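Throughout, residue positions are numbered sequentially from 1 according to the sequence presented. Only a predicted model underlies this, so the values are computations on that prediction, with no experimental measurement involved.
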Amino acid sequence: MKEAMQAARTAYDIEAECIREMKTYFDEAAFSEAVRLLAEAPRIASCGCGHSGIACQHFAHLMCCIEQPARFLSPAEAVHGATGYLQAGDVMVFASRGGKTGELLPILDICRSKGVKVITVTENLDSPLAKGADVVLKQYVNRETDKWNAQGTTSTTALCVIFHALQAALIEYTGYQAEQFALIHPGGAVGERLNHKPL
């Protein structure tokens, strides 16, 4: 158990270090363009595989929470008609640490053919998904938290931080207000706090 608890504590340290170091890769020009594209997009889609795909589902929900219409496209469904959701001028957000996830490359081709803007979040700036994008946001990962450096842990946290930063920037850029969120989020403790009317 001692070794297990040390591993748990070390996980906190690894991920905290990753976030601190990733901030040094922040590209204001690229980030600004990503925010502009997302703000102006009639529709937003996100797509990734594995842990990246799960984070992309979270991103789509973050966008909906600030009333930027979005949905996650399953890589499997995307090549079986689901990319019909996207039209010229929409934005696709790809997430792939290596930037060459095989399942995503045909979807990139579809997006380019349809005039869909592409934002790629990746660690590999020389990858196909990066080179085919309109905007690339640099992901940085020091190492995963498990002892084999194999599980999608720190990399998922790093990706989510980028997504959270995008939402925070969009709130400022679009002037989104808490009152707007209160209307679409009446449920739970957050909804109760936002919709509380003093006597």
Side-chain angles (χ1 to χ4, degrees), residues 1-39 44 46-66 68 70 72 75 91-101 104 118-127 129-130 133 135-174 176 178 181 185 188-191 193-194:
M1 183 59 73
K2 180 180 178 181
E3 290 80 5
M5 291 304 97
Q6 183 55 52
R9 291 178 181 275
T10 299
Y12 281 92
D13 295 335
I14 291 170
E15 297 209 359
E17 179 184 3
C18 176
I19 294 170
R20 282 194 302 270
E21 293 180 355
M22 187 169 68
K23 191 176 179 182
T24 67
Y25 293 96
F26 184 84
D27 183 333
E28 186 168 334
F31 216 88
S32 295
E33 181 64 5
V35 169
R36 185 188 69 80
L37 288 176
L38 291 166
I44 298 165
S46 60
C47 195
C49 293
H51 285 93
S52 294
I54 292 168
C56 283
Q57 293 177 54
H58 173 54
F59 176 72
H61 184 69
L62 286 172
M63 293 297 97
C64 288
C65 285
I66 56 171
Q68 300 293 136
F72 170 73
V91 172
M92 167 65 88
V93 177
F94 287 114
S96 169
R97 182 179 175 185
K100 50 189 178 182
T101 305
L104 304 184
V118 173
I119 298 170
T120 294
V121 183
T122 183
E123 198 172 26
N124 185 357
L125 303 185
D126 293 321
S127 63
L129 284 172
V135 180
V136 182
L137 300 180
K138 168 74 173 175
Q139 183 182 11
Y140 165 79
V141 183
N142 50 353
R143 61 159 291 129
E144 308 290 10
T145 58
D146 67 288
K147 64 182 179 180
W148 298 293
N149 189 26
Q151 301 295 320
T153 50
T154 311
S155 52
T156 303
T157 299
L159 179 56
C160 283
V161 168
I162 292 172
F163 288 160
H164 297 168
L166 283 170
Q167 195 212 42
L170 277 161
I171 287 171
E172 295 299 323
Y173 185 80
T174 63
Y176 193 73
F181 189 46
H185 196 308
V190 171
R193 173 171 60 82
L194 291 173

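- When all heavy atoms are compared, the tightest approach of Gly99 to Ser96 is N-OG, 2.9 Å.
- Note that the CG atom of Leu129 and the SG atom of Cys47 stand 9.5 Å from one another [nearest 0.5 Å].
- Between Leu137 and the options Val121, Val93, Asp27, a side chain to side chain contact (heavy atoms under 4.5 Å, CB included) holds for only Val121.
- Contacts of Ala133 classified as side-chain contact (heavy atoms from CB on, under 4.5 Å), with partners at least two apart in sequence or in another chain: Val118, Thr120, Val136.
- The side-chain heavy atoms of Ile66 and Thr174, taken from C-beta on, include no pair separated by under 4.5 Å.
- The OG1 atom of Thr122 sits 10.0 Å away from the CG atom of Asp126 when rounded to the nearest 0.5 Å.
- Legend: residues meeting side-chain contact (heavy atoms from CB on, under 4.5 Å) with Met5, ordered by chain and number and at least two apart, are Met1.
- Between Met22 and Ala158 the shortest heavy-atom distance is CE-O, 3.4 Å.
- Contacts classified as salt bridge (charged side-chain N to carboxylate O under 4.0 Å, His left out) and involving residues 135-152 (residues at least two apart or in different chains) are given here: Arg97-Glu144.
- When the side chain to side chain donor-acceptor pair (under 3.5 Å) test is applied to Glu21, the partners found at least two apart in sequence or on another chain are Tyr140.
- Note: Ile19 CD1 to Ile162 CD1 = 10.5 Å, rounded to the nearest 0.5 Å.
- Not a single side-chain contact (heavy atoms from CB on, under 4.5 Å) links Glu3 to another residue, sequence neighbours left out.
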Donor-acceptor pairs under 3.5 Å, side chain of residues 51-62 to any protein atom, not counting sequence neighbours: which ones?
unit_1, atom_1, unit_2, atom_2, d
His58, NE2, His164, NE2, 2.8

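- Residue pairs meeting the side-chain hydrogen bond (donor to acceptor under 3.5 Å, both in side chains) criterion with at least one partner in residues 10-19, sequence neighbours excluded, are Gln6-Thr10, Glu15-Thr157.
- A search for side-chain contact (heavy atoms from CB on, under 4.5 Å) contacts involving Ala165 returns Phe31, not counting sequence neighbours.
- In this structure, the side chain of Asn124 does not engage the main chain of Ala130 through any donor-acceptor pair within 3.5 Å.
- Proximity of Ser155 to Glu123: side-chain heavy atoms (C-beta onward) are nowhere separated by under 4.5 Å.
- Of all heavy-atom pairs between Val135 and Ala34, the closest is CG1-CB, 4.0 Å.
- The distance from the CE atom of Met63 to the OG atom of Ser46 is 9.5 Å, given to the nearest 0.5 Å.
- For Tyr173, the ring pair (Phe, Tyr, Trp, His ring centres under 6.0 Å) criterion is met by no residue, not counting sequence neighbours.
- The side chain to side chain donor-acceptor pair (under 3.5 Å) search around Gln68 returns none, not counting sequence neighbours.
- Take Tyr176 and apply the ring pair (Phe, Tyr, Trp, His ring centres under 6.0 Å) test, not counting sequence neighbours, and it matches no residue.
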